[in-house]
Amino acid sequence: QVQLVESGGGSVQAGGSLTLSCAASGRATSEEIFTTWGMGWHRQAPGREREFVAGIRWSGDPYIADYVKGRFNISRDNAKNTVDLQIDSAAPEDTGVYYCAADPSLSAVVLGENDYWGEGTQVTVSS
């Protein structure tokens with residue numbers, strides 16, 4: 001019903017920046033998601049549990065996890081039907097697979113109980 005496709009993953013040097021994007025498939029679906037749904041990002045490092053990173057309401061209000069606050073930001077671009085995660089001052093501990101998440105409820109996204117997940121995109125931060 002809904003597909004989320006991440007892009008922008010790759011390798012970056014510590015201290016560098018990287019932007020991840022997530023696009024919903026289908027114009028109508030994308031419009032519905034971006035106008036009414038909460039969206040966000042989770043990540044999972046090797047040997048670690050998946051953790052919430054950032055979320056954003058339909059209104060554009062962001063909610064960012066404390067451990068990345070000040071370095072990460074999240075935004076929505078309805079014209080491109082995407083939600084972006086901006087990573088600045090990347091650190092090795094940011095390495096992991098980043099997953100796009102979407103749900104009618106932002107609370108569900110924050111808890112990792114969202115209805116839809118992307119396949120994930122690898123981010124590697126080297127020293």
Side-chain angles (χ1 to χ4, degrees):
Q1 183 177 355
V2 176
Q3 294 185 38
L4 304 173
V5 180
E6 300 99 336
S7 63
S11 297
V12 64
Q13 294 286 330
S17 298
L18 194 68
T19 300
L20 308 182
S21 295
C22 173
S25 63
R27 179 177 296 177
T29 299
S30 296
E31 292 176 349
E32 179 182 357
I33 291 172
F34 277 86
T35 56
T36 64
W37 286 26
M39 300 189 69
W41 293 87
H42 289 240
R43 69 184 182 185
Q44 187 168 20
R48 301 287 300 276
E49 295 185 63
R50 188 176 298 188
E51 63 182 5
F52 171 78
V53 175
I56 187 166
R57 297 184 182 276
W58 62 267
S59 62
D61 295 334
Y63 176 59
I64 303 173
D66 289 339
Y67 40 83
V68 297
K69 190 175 297 183
R71 299 190 301 111
F72 286 26
N73 204 0
I74 188 169
S75 61
R76 306 177 70 145
D77 189 334
N78 289 330
K80 297 181 179 179
N81 299 323
T82 58
V83 57
D84 290 355
L85 182 70
Q86 177 67 44
I87 302 172
D88 294 322
S89 300
E93 58 263 33
D94 296 323
T95 293
V97 179
Y98 284 69
Y99 299 90
C100 182
D103 195 271
S105 169
L106 180 61
S107 295
V109 172
V110 173
L111 294 172
E113 299 175 350
N114 41 281
D115 289 339
Y116 300 100
W117 291 98
E119 293 295 326
T121 185
Q122 177 71 41
V123 172
T124 302
V125 183
S126 62
S127 60

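Scope of the values below: all heavy atoms of this structure, side chains included, with no hydrogens, waters or symmetry mates. This structure is a prediction, so every number in the text was calculated from the model and none was measured.
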Please lay out, stage by stage, how Met39 and Ile74 fare under the test side chain to side chain contact (heavy atoms under 4.5 Å, CB included). CA-CA 10 Å; Met39 300 189 69; Ile74 188 169; over 6 Å; no
Using the rule given for side chain to side chain contact (heavy atoms under 4.5 Å, CB included), can you reason through Tyr67 versus Glu93, listing the C-alpha separation, both sets of side-chain angles and the distance that settles it, and then say yes or no? CA-CA 11 Å; Tyr67 40 83; Glu93 58 263 33; over 6 Å; no
Run the side chain to side chain donor-acceptor pair (under 3.5 Å) check on Asp84 and Gln86 step by step: do they pass? CA-CA 6 Å; Asp84 290 355; Gln86 177 67 44; over 6 Å; no
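Atom CZ of Arg43 and atom CZ of Arg50 lie 13.0 Å apart (nearest 0.5 Å). Note: Asp88 CG to Leu18 CG = 10.0 Å, rounded to the nearest 0.5 Å.
Contact detail for Leu85 and Ala54: the closest heavy-atom pair is CD1-CB, 4.1 Å. Closest of all the heavy-atom pairs between Val83 and Trp41 is O-CZ2, 3.7 Å. Across all non-hydrogen atoms, the minimal contact from Leu4 to Cys22 is CB-SG, 3.8 Å. Nearest heavy atoms, Ala14 versus Ser127: CB-CA, 4.4 Å. Between Arg71 and Ala90, the shortest heavy-atom distance links the atoms NH1-CA, 4.1 Å. The shortest heavy-atom contact between Val53 and Val68 is O-CG2, 3.8 Å.
Both Val125 and Ile87 are part of a single hydrophobic cluster, where members link through side-chain heavy atoms under 4.5 Å apart.
Side-chain atoms of Glu6 do not come within 3.5 Å of backbone N or O of Tyr99 as any donor-acceptor pair. Between the side chain of Arg76 and the backbone N or O of Arg57, at least one donor-acceptor pair lies under 3.5 Å.
Every residue meeting the ring pair (Phe, Tyr, Trp, His ring centres under 6.0 Å) condition with Phe52, not counting sequence neighbours, appears here in chain and number order: His42, Tyr63.
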Output side-chain donor-acceptor pairs under 3.5 Å for residues 109-118, partner residues at least two apart or in another chain, one line each.
| from | atom 1 | to | atom 2 | distance (Å) |
| --- | --- | --- | --- | --- |
| Asn114 | ND2 | Tyr116 | O | 2.8 |
| Tyr116 | OH | Gln1 | OE1 | 3.3 |

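Enclosure of atom CD in Gln122 by more than 12 non-hydrogen atoms of other residues, nucleotides or ligands within 6.0 angstrom is indicated.
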